[in-house]
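The structure appears below as structure tokens.
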Amino acid sequence: MNIERKRKPRPNWNEYFMKITIDVAKRSTCLRRNVGAILVKDNRIISSGYNGAPNKLKHCLELGCLRDELNIESGTHLEICRGLHAEQNALMEAARFGISTDGAVCYVTHRPCIICAKLLINAGITRIVYNEGYPDPNELSVKFLKNAGVEVEKFEGNLNF
């Protein structure tokens with residue numbers, strides 16, 4: 001008996017990596033926003049990160065959100081936070097293990113903030129694919145990235161596979 005199985009469509013690379021990025025974000029310890037990032041080179045994941053406190057420090061799930069306590073508006077005064085952004089953690093993980101990020105693509109659940117944009121530019125990231133926006137006054141991060149020649153792409157694929 002020949003049983004034909006219906007195979008789900010195979011995800012393209014953007015869909016595949018964005019789905020993984022969304023899973024990485026589930027590790028976040030931020031009470032405001034769960035963000036995940038992966039760095040990809042030659043269609044291979046070289047590093048991942050999610051937003052949360054530095055190693056060996058208590059995080060917001062344990063202590064509460066410092067930004068909420070101080071009534072800090074989203075997208076402003078980014079330095080007043082216990083956590084590091086997902087992109088920062090992905091870059092530091094690569095650095096810690098001696099992995100070059102030059103020419104890599106960053107998949108991230110939320111468009112990078114201005115601080116992360118500058119770090120990604122200097123790390124040699126050539127393309128950023130993001131799923132959701134980020135409250136960035138004057139869209140400075142997008143302007144910086146485009147001026148540096150980094151492609152910025154809003155994810156438009158299917159995550160239901």
Side-chain angles (χ1 to χ4, degrees), residues 5-62 74-75 78 81-136 139-161:
R5 294 184 187 186
K6 280 194 167 186
R7 181 184 160 126
K8 289 184 178 182
R10 187 174 185 212
N12 65 37
W13 287 116
N14 275 357
E15 292 167 337
Y16 173 74
F17 290 127
M18 188 56 70
K19 181 88 169 194
I20 293 169
T21 302
I22 289 168
D23 281 342
V24 170
K26 293 174 184 173
R27 291 281 308 152
S28 169
T29 58
C30 179
L31 297 171
R32 285 186 167 197
R33 181 177 287 125
N34 300 131
V35 182
I38 61 172
L39 302 179
V40 174
K41 227 173 166 179
D42 299 321
N43 288 332
R44 300 288 179 259
I45 298 169
I46 60 170
S47 182
S48 67
Y50 52 86
N51 56 332
N55 293 333
K56 302 178 185 175
L57 296 182
K58 291 187 177 190
H59 50 74
C60 298
L61 291 177
E62 298 172 297
S74 187
L78 303 177
C81 181
R82 283 187 188 89
L84 295 163
H85 287 190
E87 304 95 321
Q88 294 167 347
N89 275 323
L91 289 170
M92 286 184 275
E93 180 180 275
R96 186 175 181 192
F97 293 103
I99 301 167
S100 172
T101 58
D102 197 39
V105 176
C106 178
Y107 287 86
V108 61
T109 55
H110 295 71
R111 192 180 69 227
C113 71
I114 186 65
I115 295 168
C116 289
K118 291 186 280 186
L119 292 170
L120 293 166
I121 290 166
N122 272 8
I125 302 302
T126 57
R127 184 170 156 248
I128 296 168
V129 181
Y130 70 93
N131 193 41
E132 296 180 40
Y134 184 80
D136 178 13
E139 304 249 327
L140 275 179
S141 64
V142 174
K143 290 175 187 173
F144 274 44
L145 290 163
K146 287 186 179 180
N147 287 340
V150 178
E151 288 180 55
V152 179
E153 177 185 329
K154 169 93 170 77
F155 175 75
E156 298 294 340
N158 175 18
L159 294 173
N160 299 317
F161 54 88

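Keep in mind that the numbers below use all heavy atoms, side chains included, and drop hydrogens, waters and symmetry copies. Source: prediction; values computed, not measured.
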Show, in sequence, the C-alpha distance, side-chain angles and deciding distance for Asn14 and Glu153, and conclude whether the side-chain hydrogen bond (donor to acceptor under 3.5 Å, both in side chains) test is met.
CA-CA 10 Å; Asn14 275 357; Glu153 177 185 329; 2.9 Å; yes
Can Ile20 and Ile45 be said to form a side-chain contact (heavy atoms from CB on, under 4.5 Å), step by step?
CA-CA 10 Å; Ile20 293 169; Ile45 298 169; 3.8 Å; yes
Before giving the answer on side-chain contact (heavy atoms from CB on, under 4.5 Å), spell out for Leu39 and Glu93 the whole-Å C-alpha distance, their side-chain angles and the decisive distance to 0.1 Å.
CA-CA 10 Å; Leu39 302 179; Glu93 180 180 275; over 6 Å; no
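Pairing each heavy atom of Arg127 with each of Tyr107, the nearest pair is NH1-OH, 3.8 Å. For the pair Val108 and Ala37, the tightest heavy-atom approach, listed with the atom from each and the gap, is CG2-CB, 4.0 Å. Nearest heavy atom pair, residue Tyr134 against residue Arg111, reads O-NH2, 2.9 Å. Taking both residues in full, the closest heavy atoms of Ala25 and Gly36 are given as CB-N, 3.3 Å, listed atom of the first, atom of the second, then distance. Listed here is the closest heavy atom pair of Cys60 and Leu31: O-CD1, 3.5 Å. Residues Leu84 and Pro54 approach most closely at CD1-CG, 4.1 Å, considering heavy atoms.
For the pair Val129/Met18, a side-chain contact is recorded, criterion being any heavy-atom separation below 4.5 Å from C-beta on. Thr126 is not listed as a side-chain neighbour of Glu151, based on a closest heavy-atom distance of 4.5 Å or more. Between Asn43 and Phe17 the shortest side-chain heavy-atom distance falls below 4.5 Å. Side-chain atoms of Asn12 and Tyr16, non-hydrogen and from C-beta on, never get closer than 4.5 Å to each other. The shortest side-chain heavy-atom distance between Val24 and Ile38 falls under the 4.5 Å cut-off. Contact check for Val150 versus Ile128: side-chain heavy atoms found under the 4.5 Å cut-off. You'll find the side chain of Glu15 reaches within 4.5 Å of the side chain of Phe155, heavy atoms only.
For the atom pair CD1 (Ile46) and OG (Ser100), the distance works out to 7.0 Å, reported to the nearest 0.5 Å. Atom OG1 in Thr29 sits 13.5 Å away from atom NZ in Lys58 (nearest 0.5 Å). Lys118 NZ to Phe144 CZ: the interatomic distance, rounded to the nearest 0.5 Å, is 6.0 Å. Note that the CZ atom of Arg33 and the OG1 atom of Thr109 stand 9.0 Å from one another [nearest 0.5 Å]. In this structure, SG in Cys30 is found 11.0 Å from CZ in Arg82, a value given to the nearest 0.5 Å. Here CG of Asn131 is found 6.0 Å from CG of Leu159. Values are rounded to the nearest 0.5 Å.
Seen from the ring of Tyr50, Lys26 does not count as a face-on cation partner, given the 6.0 Å and 45° thresholds.
None of Leu140, Leu119, Leu145 except one satisfies the side-chain contact (heavy atoms from CB on, under 4.5 Å) rule with Ile114; the exception is Leu140. Here the rule is side-chain contact (heavy atoms from CB on, under 4.5 Å) with Thr101, and of Leu120, Leu91, Asn122 only Leu91 fits it.
Using modelled atom types, no side-chain atom of Asn51 and backbone atom of Ala86 make a donor-acceptor pair closer than 3.5 Å. In terms of modelled atom types and a separation under 3.5 Å, the side chain of Asn158 and the main chain of Asn160 share a donor-acceptor contact. Between the side chain of Lys41 and the backbone N or O of Asp102 there is at least one donor-acceptor pair closer than 3.5 Å.
Using a cut-off of 4.0 Å between Lys/Arg side-chain N and Asp/Glu carboxylate O, Glu132 and Lys154 are scored as not salt-bridged.
Within a 6.0 Å sphere centred on CZ of Arg32, other residues, nucleotides and ligands contribute more than 12 heavy atoms.
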